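Everything below concerns the one structure shown next.
Predicted model only: the values in this text are computed from it and were never measured.
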Amino acid sequence: MCDRSTIKPSALQQLEISLPDWVMRIPDWAATYSGDNAKMALAIELAAQNVQRHSGGPFGSAIFDANSHQLIAVGVNQVMAAKNSCLHGEMMAIMLAQRRLDTFCLSAEDGQYELFTSCEPCAMCLGAVLWSGVKRLVCAATGEDARAIGFDEGPVFEASYAYLKNTGVDIVRELQRDKARQVLDDYLAKGGTIYNG
């Protein structure tokens, strides 16, 4: 049990979330990422670098403006590094995109944003996709691939994807699946921690 007498007040009312320093050097922030393959390649590279640098789990995400193809935000898994079960790659990218655009809804003012992620979202992140306002979700590795190395993705069903589609979210799955699955396998081979398994 937590002894509140030893907790600093700031620990009860503040939370600082940040990506590892190296993350900002990976993308070309001035580039136009035209085409799904270029966008997904970035998400997978972020996941791979997170594994190689031992800075988090094997998951990376990127949010783009669907019209201009400009990169808005990126995210990598920081669950273990930050000791916070909410800090999945998709959650980091969504939070940083909303902060950058100064909105809680990525479809406000007719915004059209798309989320590329190196693996299909877990139950938490799939819910966040709905609430974030992104209009398109593109995934590489499958939830089955994540479960194959020991991760528990929670209650995600085909009906979950159907629900998103019914709300107007376009969904593409298994784009560059083999490359993303290799990142998962590399993480396991390097002894990466499987949490919530």
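Distance check: His54 NE2 to Gln49 CD gives 11.5 Å after rounding to the nearest 0.5 Å. One distance of note links OG1 of Thr117 with CD of Glu90; it measures 3.5 Å at 0.5 Å rounding. The line from CD1 of Ile194 to CZ of Arg147 is 13.5 Å long, rounded to the nearest 0.5 Å. One finds the CD atom of Glu45 at 10.5 Å from the NZ atom of Lys179 (value rounded to the nearest 0.5 Å).
Here Glu16 pairs with nothing under the salt bridge (Lys or Arg N to Asp or Glu O under 4.0 Å) rule; sequence neighbours left out. Every residue was checked against the salt bridge (Lys or Arg N to Asp or Glu O under 4.0 Å) condition with Asp65, not counting sequence neighbours, and none meets it. Ala140 is linked by a side chain to side chain contact (heavy atoms under 4.5 Å, CB included) to Met40, Ile44, Ala180, counting only residues two or more places apart in sequence or in another chain. Remark: Phe64 pairs with Tyr33, Phe116 by the ring-ring contact (aromatic ring centres under 6.0 Å, His included) rule, at least two apart or across chains. For Asp36, the salt bridge (Lys or Arg N to Asp or Glu O under 4.0 Å) partners two or more places apart in sequence, or in a different chain, are Arg136. Take Asp185 and apply the salt bridge (Lys or Arg N to Asp or Glu O under 4.0 Å) test, not counting sequence neighbours, and it matches no residue. Judged as a side-chain hydrogen bond (donor to acceptor under 3.5 Å, both in side chains), and not counting sequence neighbours, Ser118 has no contacts. The side-chain hydrogen bond (donor to acceptor under 3.5 Å, both in side chains) check on Ser160 picks up nothing, with sequence neighbours excluded.
Checking Asp178 against Gln182 by side-chain atom types alone, no donor-acceptor pair falls below 3.5 Å. Side-chain polar atoms of Tyr195 and Asn77 form a donor-acceptor pair below 3.5 angstrom. Donor-acceptor pairing under 3.5 Å is recorded for the side chains of Lys39 and His69. When only modelled atom types and interatomic distance are considered, Gln98 and Thr103 share no side-chain donor-acceptor pair under 3.5 Å. One side chain, Gln70 or Thr32, offers a donor N or O that lies under 3.5 Å from an acceptor on the other.
For the pair Gly57 and Tyr187, the tightest heavy-atom approach, listed with the atom from each and the gap, is CA-CE1, 3.9 Å. The minimum heavy-atom distance linking Gly133 with Cys105 is given by the pair CA-SG, 4.3 Å. Smallest separation of non-hydrogen atoms from Asn50 and Pro20: OD1-CG, 4.5 Å. Ala73 and Ala97 make their closest contact through CB-N, 3.5 Å (heavy atoms, listed as atom of the first residue, atom of the second, distance). When all heavy atoms of Ala62 and Leu42 are compared, the pair lying nearest together is CB-CD2, 4.2 Å. Of all heavy-atom pairs between Gly75 and Leu19, the closest is CA-CD2, 4.1 Å.
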Side chain to side chain contact (heavy atoms under 4.5 Å, CB included) between Val76 and Met92, intermediate numbers included: CA-CA 7 Å; Val76 294; Met92 296 290 286; over 6 Å; no
Step-by-step side chain to side chain contact (heavy atoms under 4.5 Å, CB included) determination, Glu120 to Glu153: CA-CA 9 Å; Glu120 290 177 341; Glu153 298 298 276; over 6 Å; no
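In this structure, Asn166 places its CG atom where more than 12 heavy-atom neighbours from other residues, nucleotides or ligands lie under 6.0 Å away. Residue-environment remark: CZ (Arg173) exceeds the threshold of 12 foreign heavy atoms within 6.0 Å. Around CG of Asp28, the count of heavy atoms belonging to other residues, nucleotides or ligands within 6.0 Å exceeds 12.
With hydrogens and angles disregarded, a donor-acceptor distance shorter than 3.5 Å links the side chain of Gln176 to the backbone of Asn37.
Using a cutoff of 4.0 Å between basic side-chain nitrogens and carboxylate oxygens, Asp170 and Lys135 are not scored as salt-bridged.
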Pairs under 3.5 angstrom only: tabulate donor-acceptor contacts from the side chains of residues 81-88 to other protein residues two or more places apart or in another chain.
residue, atom, partner, partner atom, Å
Asn84, OD1, Cys86, N, 2.9
His88, NE2, Ser85, O, 3.3

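Under the 4.5 Å side-chain criterion, counting only non-hydrogen atoms from C-beta, Asp145 is not in contact with Cys119.
For residues 123-132, no residue pair satisfies the salt bridge (Lys or Arg N to Asp or Glu O under 4.0 Å) rule, not counting sequence neighbours.
Taking the six-membered ring for Trp, Phe151 and Phe59 have ring centres closer than 6.0 Å.
Clustering of Ile, Leu, Val, Met, Phe, Trp and Tyr by side-chain heavy atoms under 4.5 Å joins Phe104 with none of the others. As a member of the Ile/Leu/Val/Met/Phe/Trp/Tyr network built from side-chain separations under 4.5 Å, Ile94 groups with Ile63, Ile72, Leu101, Leu106, Tyr113, Leu115, Leu126, Val129, Leu130, Trp131, Val134, Leu137, Val156, Tyr161, Tyr163, Leu164, Val169, Ile171.
The same ILVMFWY cluster, assembled from side-chain heavy atoms under 4.5 Å apart, contains both Trp29 and Leu46.
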